[in-house]
Participant: 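Okay, here's the structure, questions in a sec.
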Amino acid sequence: LVASTTMLLAYAQNGHIEESKKVFEGMPGRDVISWNAMLATFSGAGSLEEMERVFAGMPEPDLVSWTTLLAAYAQSGITIAAKKTFDAMPQLNLVAWNSLLSAYGKGGQIENARSTFEEMPERDLISWNSILGACAQIGHTKEANVVFAEMPRRDLISWTTMLVGYTQQENLAAANRVFQKMPQHDLVSCTTVLAANARNGHLEKSKHLFDQMPQRDVVSWNVLLTMYGEHELADEAKKIFKDMPYHSLASWNSLLSAHLVEGDFYSASQLFSQMPLKD
RNA sequence: AGUAUUGGCUC
């Protein structure tokens with residue numbers, strides 16, 4: 001049972017949802033963990049209806065099941081459904097509160113996020129990071145700064161969240177300052193500061209940052225690809241696309257819009273027909 | 001614990 005749950009999730013990780021489903025259906029028995037793994041798989045794939053069907057078939061959904069649902073609605077931007085799920089939960093824990101808080105943050109409902117944050121019986125670093133993200137996401141950098149100063153503890157995520165806030169404000173100077181001030185860097189923070197520079201049209205600097213990065217992943221490559229596309233350098237974008245070790249949906253979308261920006265509808269439609277359903 | 005909640009690219 002443990003082995004098949006692991007296998008189910010391994011397929012899901014690689015986007016092979018159909019295989020995950022087959023594993024689930026062929027399981028010798030099911031416990032709440034394998035049910036929840038199936039839920040999480042559909043949640044991650046954005047297959048809300050299938051997820052709901054699985055949930056409805058569960059003999060005994062637990063807190064994990066409920067919060068998986070809640071998070072799935074949040075992810076899809078259906079904040080009302082997330083709140084309804086929260087209200088329907090037989091018990092609550094910190095994860096449930098955090099999930100609701102994050103749902104409001106993702107939905108840009110800062111007031112609801114704030115009142116949830118005040119109302120929750122306890123808060124951990126995830127709660128603080130979530131309210132910080134809610135402020136940063138809608139460009140309230142002043143409020144984000146207040147939260148950041150008030151936080152009892154900060155981690156790399158807190159710092160990167162601030163970085164994202166300034167990036168979205170197109171405040172490159174502040175973004176670079178935060179980046180230099182943070183105690184550590186990782187792949188995500190490096191990619192974020194790269195994106196900040198790329199968005200502001202600093203092509204050379206961005207290329208340099210990219211080359212200097214200790215590690216790169218598909219997102220870092222995508223940032224560069226998107227940057228060239230937005231500056232009508234479709235040939236450069238195409239080169240990046242060829243050079244990158246693997247592609248995500250975002251890579252395809254970015255190259256597609258690179259062609260569209262240049263008005264190259266022929267290349268765009270050709271590329272479109274080459275897009276895999278799952279890459 | 002084999003499952004759920006917070007940060008980066010496109011949508």
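Order of the sequence lines fixes the chain letters, A, B, ..., with proteins taken first and strands second; residue numbering starts at 1 for each chain.
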Participant: Looking at every strand, decide which applies to A:L224 at a 4.0 Å heavy-atom threshold: base, sugar-phosphate, or nothing.
Facilitator: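 Counting heavy atoms under 4.0 Å across all strands, no contact is made by A:L224.
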
Participant: Running the 4.5 Å side-chain criterion over Ile, Leu, Val, Met, Phe, Trp and Tyr, what cluster does A:I126 land in, apart from itself?
Facilitator: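 Members alongside A:I126: none; it stands by itself.
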
Participant: How many whole angstroms separate atom CG of A:L63 from atom P of B:A4?
Facilitator: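 Spelled out: CG on A:L63 to P on B:A4 is 14 Å.
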
Participant: Answer with base, sugar-phosphate or nothing: what part of the nucleic acid does A:D62 contact at a heavy-atom distance below 4.0 Å?
Facilitator: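 No contact at all - A:D62 keeps every heavy atom at 4.0 Å or more from the nucleic acid.
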
Participant: Whole Å only: how far is the CG atom of A:L8 from the P atom of B:A4?
Facilitator: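 For the pair A:L8 CG and B:A4 P, the rounded distance is 12 Å.
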
Participant: Would you mind listing every side-chain hydrogen bond (donor to acceptor under 3.5 Å, both in side chains) that reaches into residues 74-84 of chain A, with sequence neighbours excluded?
Facilitator: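 Checked against side-chain hydrogen bond (donor to acceptor under 3.5 Å, both in side chains) - neighbours excluded - the pairs reaching residues 74-84 of chain A are A:K83-A:D87.
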
Participant: For A:E118, I'd like to know if atom CD has over 12 heavy atoms of other residues, nucleotides or ligands within 6.0 Å.
Facilitator: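 Check passes, neighbour count above 12.
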
Participant: By the ring pair (Phe, Tyr, Trp, His ring centres under 6.0 Å) test, which pairs, at least two apart or in different chains, include something from residues 214-239 of chain A?
Facilitator: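 Listed once each, the pairs are A:F210-A:W221.
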
Participant: Could you state the atom-to-atom distance from CZ of A:R30 to C1' of B:U3 in whole Å?
Facilitator: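 A:R30 atom CZ is separated from B:U3 atom C1' by 15 Å.
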
Participant: With a 3.5 Å cut-off and sequence neighbours excluded, list the donor-acceptor pairs that the side chains of residues 40-52 of chain A form with protein atoms.
Facilitator:
unit_1 : atom_1 : unit_2 : atom_2 : d
A:T41  : OG1    : A:A37  : O      : 2.8
A:E50  : OE1    : A:K21  : NZ     : 3.3
A:E52  : OE2    : A:Y73  : OH     : 2.6

Participant: Which residue pairs pass the side-chain hydrogen bond (donor to acceptor under 3.5 Å, both in side chains) test when at least one of the two sits in residues 131-152 of chain A, sequence neighbours left out?
Facilitator: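 For residues 131-152 of chain A: A:R114-A:E143, A:H140-A:E143, A:N145-A:Y166.
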
Participant: For A:M58 and B:A4, what is the distance between atoms CE and P respectively, to the nearest whole Å?
Facilitator: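 From A:M58 CE to B:A4 P: 13 Å.
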
Participant: Any base atoms under 4.0 Å from A:S34, or only sugar-phosphate, or nothing? Heavy atoms, all strands.
Facilitator: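 A:S34: base contact, heavy atoms under 4.0 Å.
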
Participant: Counting primed atoms plus P, OP1 and OP2 as sugar-phosphate and everything else as base, spell out the protein contacts along nucleotides 5-11 of chain B at 4.0 Å heavy-atom distance: B, S or - for each nucleotide, 5' to 3'.
Facilitator: BBBBBB-

